[in-house]
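Values in this document were obtained by computation on a predicted structure and should not be read as measured data. In what follows, every chain begins at residue 1, and chains take the letters A, B, ... in the order their sequences are listed.
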Amino acid sequence: MPHDHHEHLSPSGHPFRADNDGPLTYWQAMEIAVRELLIEKGVTTAAEIMRQIDTMDARTPSNGAKVVARVWTDPEFRAAMQTDASQATREMGYDIGPMKLIAVENTDALHNVVVCTLCSCYPRNLLGLPPDWYKSRAYRSRTVREPRRVLTEFGVNLPEDVEVRVHDSTADMRYIVIPARPAGTDGWNVDALAALVTRDSMIGTGLPKAAECD
Amino acid sequence: MPELVRVRADMPPGHVRTPAYLRGKCGLIERTLGPFYNPEQLAYGVKADALPLHRVRFTMAEVWGDQAEIPTDTIEAEIYAHWLEPA
């Protein structure tokens, strides 16, 4: 049969993904049971849960980009971020809940990168949900073992005289990398600067976009 | 002078937030945070002690020996006080 080997491919040429219609796992059933109990007993409401999900979904890396751009332009804010990044971001107007944040700054001599080897700790309350690769076993295990190879795969090639510092987010703190301000951005306003700050540059697996002349 | 400490080399069962690859390794305390409640007790719903949490800086040479990409690169991790002993 000439077409047999195409049957597992969609018309676009990609393999079909199996439907996700298996039985609930133990923990999925547990989550539903606890949620329904909390609603039944009046501890919370379905609307409150939905609001919290919406709040979480509204958080994006653009929040962090604005924080970074302000660090680049406001020396007092930069000092406040170094002293207590949670408090400084709250005072800037971000509702980060109980999150305890540390800001680590890249320089000419130091490049920071963040990983959580034990699970997937990430500054979600500022940057939103982490990328899928951040939770992968490969990223979590390799970033502490061979960070320079991992960074190269992300397109970040650092000279040997720049120290790589890996932050393993093992406990209560969450980390945001403050990338180095790109050259050629003197006098730029914070909105233009924030547009250069990528999600990956705040994890440390990327660099900000370069300044381009119009 | 930053304090030199060693992570306990124990391998207890259960919920532990000290990565295995750092156990037995020496590093310098970069800063002390907390106190935070001990996750090894929180995980089991028992009364938890409030402990200092230390951010410890290790060199890649200390953690990975000859396998390190660049020996002077560093790893920092948060280690609860009861996992650290004088080096």
**Request:** Measure A:V162 against the heavy atoms of chain B and call it side chain, backbone, both or neither at under 4.5 Å.
**Result:** backbone
**Request:** With a 4.5 angstrom heavy-atom cut-off, could you sort out which part of A:I102 is near chain B: side chain, backbone, both or neither?
**Result:** side chain
Between chain B and chain A, which N and O donor-acceptor pairs fall under 3.5 Å? A table would be great.
unit_1 : atom_1 : unit_2 : atom_2 : d
B:R17  : NE     : A:T170 : O      : 2.7
B:R17  : NH2    : A:T170 : O      : 3.4
B:Y21  : OH     : A:D168 : OD2    : 2.7
B:R55  : NE     : A:Y175 : OH     : 2.9
B:R55  : NH2    : A:H167 : ND1    : 2.9
B:W64  : NE1    : A:V144 : O      : 2.8
B:E69  : OE1    : A:R148 : N      : 2.7
B:E69  : OE2    : A:R148 : N      : 3.4
B:E69  : OE2    : A:R149 : N      : 3.0
B:D73  : OD1    : A:R148 : NH2    : 3.0
B:D73  : OD1    : A:V164 : N      : 2.9
B:D73  : OD2    : A:R148 : NE     : 2.7
B:D73  : OD2    : A:R148 : NH2    : 3.3
B:T74  : N      : A:V164 : O      : 2.9
B:T74  : O      : A:V166 : N      : 2.8
B:T74  : OG1    : A:E163 : OE2    : 2.5
B:T74  : OG1    : A:R165 : NE     : 3.2
B:E76  : N      : A:V166 : O      : 2.7
B:E76  : O      : A:D168 : N      : 2.8
B:E78  : N      : A:T170 : OG1    : 2.9
B:E78  : O      : A:T170 : OG1    : 2.7
B:E78  : OE1    : A:A171 : N      : 3.3
B:E78  : OE1    : A:D172 : N      : 2.9
B:E78  : OE1    : A:M173 : N      : 3.0
B:E78  : OE2    : A:Y175 : OH     : 2.7
B:Y80  : OH     : A:D172 : OD1    : 2.3

**Item:** Heavy-atom contact with chain A under 4.5 Å, split by part of B:L53
**Value:** side chain
**Item:** B:P39, part contacting chain A, at a heavy-atom distance under 4.5 Å
**Value:** neither
